[in-house]
Number of protein chains: 2
Amino acid sequence: MGATKTEHFTDKQNQIATIAKALGHPARIAIIEYLMKVNECICGDIVNELPLAQPTVSQHLKELKNAGIIKGSIEGNSICYCIDEKTIEILNTYFLKIIQTVSKSKCC
Amino acid sequence: MGATKTEHFTDKQNQIATIAKALGHPARIAIIEYLMKVNECICGDIVNELPLAQPTVSQHLKELKNAGIIKGSIEGNSICYCIDEKTIEILNTYFLKIIQTVSKSKCC
DNA sequence: AAACAATATCGTAATATTGCAATAAATTAA
DNA sequence: TTAATTTATTGCAATATTACGATATTGTTT
């Protein structure tokens, strides 16, 4: 026990949970915000920006990339990361549906 | 080490991360979907609906409640849970801003 | 009050996440 | 080629999460 029972849930449920989980850490939100600020997609100054060591940042970037939230393209020596808004849109569409459904029905 | 360095991030960053994290598990997404389906807010048939034991479901409900995603009101013997769309809206507004910002800027 | 029902909490095992120092790998600059 | 730069990976310690049996709590019947 201890492991999430992924197989008991639908693909969609797992997809939404995976994306949300990747966004469920303040460092990763901070990375997203930084990528938004420097609208050209600069890479590893993220390390200088965040109060975390380089391996830790690298790991967070990896998780964001695995979840499809950012994408990185090699650019000479460094790597250019940027937000893939399509993935955020999946979440957005999903949550919007929740909000619409819930606001229609009266509750408790 | 091992604990998230919450204090290094802004309140907003922590708020968004907390809500996203609570949604970052397929069981909790399934709970949300069930609450949407039975638009009147029935309570612990969630246990019958999910492939998880009662204490596990109770724990997931607690986390959703702590994050402000659902609210529960005691109704006699049982508890009536329902989605608090205001919290989902916070996420939605935040993500929308990301999508808008990113789609404006060209990238990699 | 006693029996029942619905939830919550406790305790604990299994697993996952977070963070970082050390090190590796890949590219560029000298 | 050697040194420097940038990013990734490994290994490990600390902590958190997930899941559930057992048990407690709270309210409802009878």
Side-chain angles (χ1 to χ4, degrees), chain A residues 1-9 13-14 17-31 34-35 38 41-67 70-82 108, chain B residues 1-9 13-14 17-31 34-35 38 41-67 70-82 108:
Chain A
M1 301 122 220
T4 294
K5 295 184 156 183
T6 315
E7 69 280 8
H8 292 317
F9 302 101
Q13 285 165 347
N14 281 308
T18 300
I19 304 172
K21 190 177 183 181
L23 292 167
H25 193 290
R28 294 195 286 266
I29 294 292
I31 289 174
Y34 182 71
L35 285 175
V38 296
C41 32
I42 283 160
C43 46
D45 339 61
I46 299 171
V47 175
N48 298 319
E49 198 64 12
L50 296 193
L52 294 170
Q54 181 269 321
T56 308
V57 171
S58 189
Q59 198 175 274
H60 282 307
L61 286 169
K62 193 177 169 186
E63 276 177 75
L64 285 170
K65 209 165 93 189
N66 286 344
I70 63 173
K71 47 191 172 180
S73 55
I74 297 165
E75 205 147 278
N77 204 358
S78 54
I79 292 186
C80 171
Y81 280 114
C82 58
C108 315
Chain B
M1 301 124 217
T4 294
K5 296 184 153 182
T6 315
E7 68 280 9
H8 291 317
F9 303 99
Q13 285 166 346
N14 281 309
T18 301
I19 303 172
K21 189 176 184 181
L23 292 167
H25 193 289
R28 294 195 286 267
I29 295 293
I31 289 173
Y34 183 71
L35 284 175
V38 296
C41 34
I42 283 160
C43 45
D45 339 60
I46 298 171
V47 176
N48 298 321
E49 198 63 13
L50 296 193
L52 295 170
Q54 181 268 322
T56 308
V57 172
S58 190
Q59 201 176 270
H60 283 305
L61 286 169
K62 193 177 168 186
E63 275 176 73
L64 285 169
K65 208 165 96 186
N66 285 343
I70 62 173
K71 48 191 171 179
S73 55
I74 296 165
E75 204 146 283
N77 203 359
S78 54
I79 292 185
C80 170
Y81 279 113
C82 58
C108 314

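Only heavy atoms go into these numbers, but all of them, side chains included; no hydrogens, no water, no symmetry mates. Naming: A, B, ... by sequence-line order, numbering from 1 per chain.
The distance from the NZ atom of B/Lys65 to the NZ atom of B/Lys71 is 12.5 Å, given to the nearest 0.5 Å. Taking CG from A/Asn14 and CD from A/Glu7, the interatomic distance works out to 9.0 Å, rounded to the nearest 0.5 Å.
A salt bridge (charged side-chain N to carboxylate O under 4.0 Å, His left out) check over residues 49-63 of chain B, counting only residues at least two apart or in different chains, returns the pairs B/Arg28-B/Glu63, B/Lys37-B/Glu49.
C/dG19 atom P lies 10 Å from atom CD of B/Glu7, rounded to whole Å. In this entry the distance linking NZ of A/Lys71 with P of D/dT7 reads 19 Å, nearest Å. Counting to the nearest Å, the P atom of C/dT18 and the CG atom of A/Leu64 are 10 Å from each other. Counting to the nearest Å, the C1' atom of C/dT18 and the CG atom of A/Leu61 are 15 Å from each other. As a whole-Å value, the separation of B/Ile46 CD1 from C/dT7 C1' is 11 Å. Atoms CD1 (A/Ile79) and C1' (D/dT6) sit 8 Å apart, rounded to a whole Å. The separation between A/Lys62 atom NZ and C/dC20 atom P is 17 Å, rounded to whole Å.
Less than 4.0 Å separates DNA chain C from at least one heavy atom of each of the following residues of residues 47-54 of chain B: B/Gln54.
Among all heavy-atom pairs drawn from B/Pro26 and A/Ala17, the shortest one is N-CB, 3.4 Å. Heavy atoms only, all atoms of each residue included: B/Pro51 and A/Phe9 are closest at CD-CE2, 4.2 Å.
For D/dT17, the OP1/OP2 oxygens have a side-chain nitrogen or oxygen of B/Lys21 closer than 4.0 Å. The side chain of A/Thr56 contributes an N or O atom lying less than 4.0 Å from OP1 or OP2 of C/dC20. Here B/His60 reaches the OP1 or OP2 of D/dA19: one of its side-chain N or O atoms lies under 4.0 Å away. An OP1 or OP2 oxygen of C/dG19 is reached within less than 4.0 angstrom by a side-chain nitrogen or oxygen of A/His25. Neither OP1 nor OP2 of D/dT6 sits under 4.0 Å from any side-chain N or O of A/Tyr81.
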Output one line per pair: protein atom, nucleotide atom from nucleotides 24-27 of chain D, and distance, for all N/O pairs under 3.5 Å.
none

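Applying the side-chain contact (heavy atoms from CB on, under 4.5 Å) test to B/Thr56 and every residue at least two apart in sequence or in another chain returns B/Leu52, B/Ala53, B/His60. For B/Ile46, the side-chain contact (heavy atoms from CB on, under 4.5 Å) test picks out B/Ile31, B/Tyr34, B/Leu35, B/Leu50, B/Val57, B/Leu61, with sequence neighbours left out. Residues meeting the side-chain contact (heavy atoms from CB on, under 4.5 Å) test with A/Ser58, sequence neighbours left out: A/Gln54. When the side-chain hydrogen bond (donor to acceptor under 3.5 Å, both in side chains) test is applied to B/Gln59, no partner is found at least two apart in sequence or on another chain.
The side chain of B/Pro55 has D/dA22 as its nearest neighbour among D/dA22, C/dT7, D/dT18. Nearest to the side-chain atoms of B/Gln59 among the listed nucleotides D/dC20, C/dA8, D/dT9 stands D/dC20.
When heavy atoms are screened at a 4.0 angstrom cut-off, A/Glu63 is found touching the sugar-phosphate backbone but no base atom. No contact: B/Lys65 has no heavy atom under 4.0 Å from any strand.
In the helix from C/dA1-D/dT30 to C/dA30-D/dT1, the end axes, each obtained as the rotation axis mapping the C1' atoms of four pairs onto the next four within a five-pair block, lie 20° apart to the nearest 10 degrees.
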